[in-house]
S.K.: 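Below are the structure tokens for one structure; questions will follow.
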Number of protein chains: 2
Amino acid sequence: MTGAPGPTRMDLHHPAETGRVTPLWVGDRLDRFVAEELSRQRLGYRYALITDPRVAARHAAPLEAALRDAGLEVERLVFAGGERGKTRAAKADLEDRLFEAGFGRDAAIVALGGGVVGDVAGFVAATYHRGIPWVALPTTLLAMVDASIGGKTAVDLPAGKNLIGAFHPPAAVYADLAALDSLPDERLREGFAEVLKHALVADAGLATFLDDHASDLLGRRPGPLRHAVEVSIRVKAAIVAEDPREAQRRAVLNFGHTVAHALESATAYGMSHGDAVGIGLVVEADLSATRGLLQASEVATIRRLVGRFGLPTRVPPGLEVDGLVERCEHDKKARRGAPRVALLRRIGAAAGSAAGWTFAVTREELRDAFRRSQESPGG
Amino acid sequence: MTGAPGPTRMDLHHPAETGRVTPLWVGDRLDRFVAEELSRQRLGYRYALITDPRVAARHAAPLEAALRDAGLEVERLVFAGGERGKTRAAKADLEDRLFEAGFGRDAAIVALGGGVVGDVAGFVAATYHRGIPWVALPTTLLAMVDASIGGKTAVDLPAGKNLIGAFHPPAAVYADLAALDSLPDERLREGFAEVLKHALVADAGLATFLDDHASDLLGRRPGPLRHAVEVSIRVKAAIVAEDPREAQRRAVLNFGHTVAHALESATAYGMSHGDAVGIGLVVEADLSATRGLLQASEVATIRRLVGRFGLPTRVPPGLEVDGLVERCEHDKKARRGAPRVALLRRIGAAAGSAAGWTFAVTREELRDAFRRSQESPGG
């Protein structure tokens with residue numbers, strides 16, 4: 001026995017669906033806890049554990065042992081994973097394997113892995129026999145604080161990311177911080193880019209905490225890490241509960257992401273999502289300042305904060321600005337060709353207007369913001 | 001102007017989703033009415049009209065003209081249709097064509113056709129950009145009274161029918177009786193098999209009406225036809241509203257269908273769905289009688305009623321009984337190998353028990369019922 005605290009439970013309410021709640025658990029070494037919970041809830045008659053090779057090697061065996069100890073029947077299905085594995089073909093292949101293994105409508109899915117595993121396994125659950133239950137066991141920081149919260153599942157098309165998918169909230173999310181021990185540094189930073197975003201759009205206290213504990217967090221100190229994860233989950237869950245289908249306020253969670261998607265696409269995904277979001281947060285903060293919503297000093301604070309987490313803060317000078325602007329105009333959030341972005345009114349608060357939570361920005365505004373970023377100091 | 005009554009509206013309430021209602025319209029020559037409704041509701045910025053070649057040739061042009069007259073932008077997407085067209089590949093192909101045509105998340109889908117068109121187009125709508133709105137314009141009797149009511153969408157797999165899909169209710173259903181004028185007789189009978197089912201499980205008055213007006217209905221007399229369609233829709237909408245996810249009472253709508261699916265599968269879909277349901281209604285009524293739930297005289301009434309609509313009432317003597325029993329055991333509603341069927345306690349009322357609305361039946365009961373059917377008079 002250690003003195004570590006037991007799992008913390010937060011709730012994500014789904015107001016559009018009568019009475020539905022997704023419990024969000026955060027803790028350390030949760031295999032047995034998950035097995036007990038599933039055994040108690042009887043979500044399914046049999047469980048399909050969907051995961052990718054990297055995660056399977058590290059985390060699948062102890063989880064399966066715990067599930068079997070609790071009397072549950074579980075079968076492992078490994079798929080390639082990675083952003084390239086997020087395809088309709090991967091989904092169809094998993095479906096065929098579920099049928100071959102005899103899973104019926106009384107089955108349930110356990111998604112063990114990062115954002116891609118959750119997106120694909122959750123989407124399989126969304127349409128298998130018109131929807132079976134699933135639980136998410138995120139193993140990356142990004143998946144814990146972002147991807148697994150809110151019920152979005154999807155696959156990519158060559159035309160763009162997340163274009164085919166469903167809203168199908170998991171029956172529960174279990175974020176096991178022990179999984180972060182083996183996470184590569186770059187993927188840890190990627191997660192912090194989203195934690196930073198949550199702080200910037202909705203929680204000034206979290207922003208201060210991140211500023212005060214950046215090196216502890218990058219060093220994976222358990223106490224601060226758990227606090228950052230819990231607060232970040234709470235921020236996202238509150239926003240999603242208010243607007244599950246992204247008709248209104250949930251759009252603030254796209255802060256930084258219009259620019260990030262343009263950067264990822266312009267580099268043919270050579271730039272990582274985390275790095276792209278780091279830059280996106282700073283550029284979209286700058287856009288907020290040109291609209292008079294944010295102070296220039298706050299933009300500087302944001303740039304410094306993003307940099308403290310080892311993330312880049314400016315657009316690489318080699319990228320062509322007009323191409324980036326055009327990619328923003330093709331963003332799926334654009335309406336009739338005009339990109340719409342979330343903006344900040346201060347650190348810890350997104351800007352809203354009578355028209356909603358996103359703002360149309362012009363080609364010129366974007367071009368100027370990209371140029372200023374390329375000319376800014378640091379990198 | 002004719003003296004024909006205007007469209008009738010019924011409502012399907014979705015109690016699991018706060019405040020959602022699907023209006024179900026029944027009328028005659030609804031093209032302009034549909035255009036006005038869509039123009040008023042502003043479901044989408046652009047409309048994709050998904051249909052099959054047979055329906056396109058007969059009904060697409062006047063509808064498109066009406067939509068354009070109302071100022072709406074519409075583009076036609078034709079796919080092969082037919083039960084063989086209900087595949088993941090057909091869905092993916094429609095998705096790719098929607099993207100190529102520039103449809104974004106502000107698009108909406110108009111599904112014009114029979115059950116297959118509604119199932120596939122509705123499933124495309126369910127997952128395109130994680131769900132866009134759609135409306136159903138059923139052109140067969142089966143689709144009007146059954147397939148388009150209740151939000152089930154799906155494609156088939158080689159392993160079975162409707163195995164991959166979603167619950168994604170249309171924003172509205174417009175049943176235009178004018179479309180039935182050109183429907184082949186066999187497909188009209190197929191629709192009546194489902195109307196009969198609705199009468200048997202929930203509306204004795206409808207059963208009497210069908211008995212009194214069988215020849216009028218087969219002759220497509222507008223007044224009786226409209227009455228039968230409206231009452232049948234009302235029956236299904238009430239049952240679905242009570243149990244949208246088929247956890248409980250909605251299972252009574254499977255009455256006749258465990259046997260029907262076994263017959264379709266045993267004949268490699270050489271037997272039509274309508275014929276299979278006709279036989280299924282009689283065989284499962286007989287099963288109800290062997291359980292002491294239904295009177296033998298009522299089984300005879302049901303056999304006569306099914307026969308009056310030109311549907312077969314007994315299992316073809318050439319089919320091997322043990323094979324049929326085995327197919328029932330592999331039915332997707334089976335639990336741990338035991339087939340579960342809905343039963344009747346009288347004409348117009350499904351049987352319920354403390355355990356729910358379906359009953360486990362033994363291999364022997366099924367075998368005896370199939371044998372009695374093969375030995376029964378008529379065909």
Side-chain angles (χ1 to χ4, degrees), chain A residues 14-20 45-46 87-89 91-100 102-106 119 122-133 150-155 157-168 244-247 330-337, chain B residues 14-20 45-46 87-89 91-100 102-106 119 122-133 150-155 157-168 244-247 330-337:
Chain A
H14 302 286
E17 292 164 85
T18 322
R20 276 207 63 183
Y45 167 48
R46 284 174 73 201
T87 61
R88 289 180 297 207
K91 174 175 182 270
D93 183 56
L94 285 167
E95 289 162 355
D96 290 343
R97 287 158 69 195
L98 284 167
F99 279 108
E100 279 157 29
F103 284 96
R105 59 168 67 174
D106 51 4
D119 274 355
F123 190 24
V124 168
T127 69
Y128 195 73
H129 281 292
R130 295 201 186 91
I132 61 174
K152 283 186 180 179
T153 70
V155 296
L157 294 191
K161 289 172 72 170
N162 298 321
L163 292 179
I164 305 294
F167 286 89
H168 187 56
R245 292 281 168 151
E246 201 171 320
H330 286 97
D331 187 82
K332 65 186 169 185
K333 295 178 297 296
R335 290 197 213 139
R336 305 181 189 199
Chain B
H14 303 286
E17 293 164 85
T18 322
R20 276 207 64 184
Y45 167 49
R46 283 173 75 201
T87 61
R88 291 181 295 210
K91 173 174 182 272
D93 183 56
L94 285 167
E95 288 162 356
D96 290 343
R97 287 158 70 194
L98 284 167
F99 278 108
E100 279 158 29
F103 284 96
R105 60 168 68 173
D106 50 5
D119 274 355
F123 191 24
V124 168
T127 70
Y128 194 73
H129 281 290
R130 295 201 188 90
I132 60 174
K152 284 187 181 178
T153 70
V155 296
L157 293 191
K161 288 172 74 170
N162 299 320
L163 292 179
I164 306 292
F167 286 89
H168 186 57
R245 293 280 167 152
E246 200 171 321
H330 285 98
D331 187 82
K332 65 186 169 186
K333 295 177 298 295
R335 289 197 213 139
R336 307 183 189 195

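Chain identifiers are assigned alphabetically (A, B, ...) following the order of the sequence lines, protein sequences preceding nucleic acid strands; residue numbering begins at 1 within each chain.
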S.K.: Tell me, for B:A92 versus chain A, whether the close heavy atoms (under 4.5 Å) come from the side chain, the backbone, both or neither.
M.R.: both

S.K.: With a 3.5 Å distance limit and no angle check, can you tell me whether B:R130 reaches the backbone of A:T153 through a side-chain donor-acceptor pair?
M.R.: yes

S.K.: At a heavy-atom separation under 4.5 Å, does A:I164 approach chain B through its side chain, its backbone, both, or neither?
M.R.: both

S.K.: Please classify the contact between A:K91 and chain B as side chain, backbone, both or neither, with a heavy-atom cut-off of under 4.5 Å.
M.R.: side chain

S.K.: Can you tell me which portion of A:F99 sits under 4.5 Å from chain B's heavy atoms? Options are side chain, backbone, both or neither.
M.R.: side chain

S.K.: Does the side chain of B:R88 come within less than 4.5 Å of A:R88's, by heavy atoms?
M.R.: no

S.K.: For A:V124, does its backbone N or O pair with a side-chain atom of A:H168 as donor and acceptor, under 3.5 Å?
M.R.: no

S.K.: A:E95 versus A:T127: any side-chain heavy-atom pair under 4.5 Å?
M.R.: yes

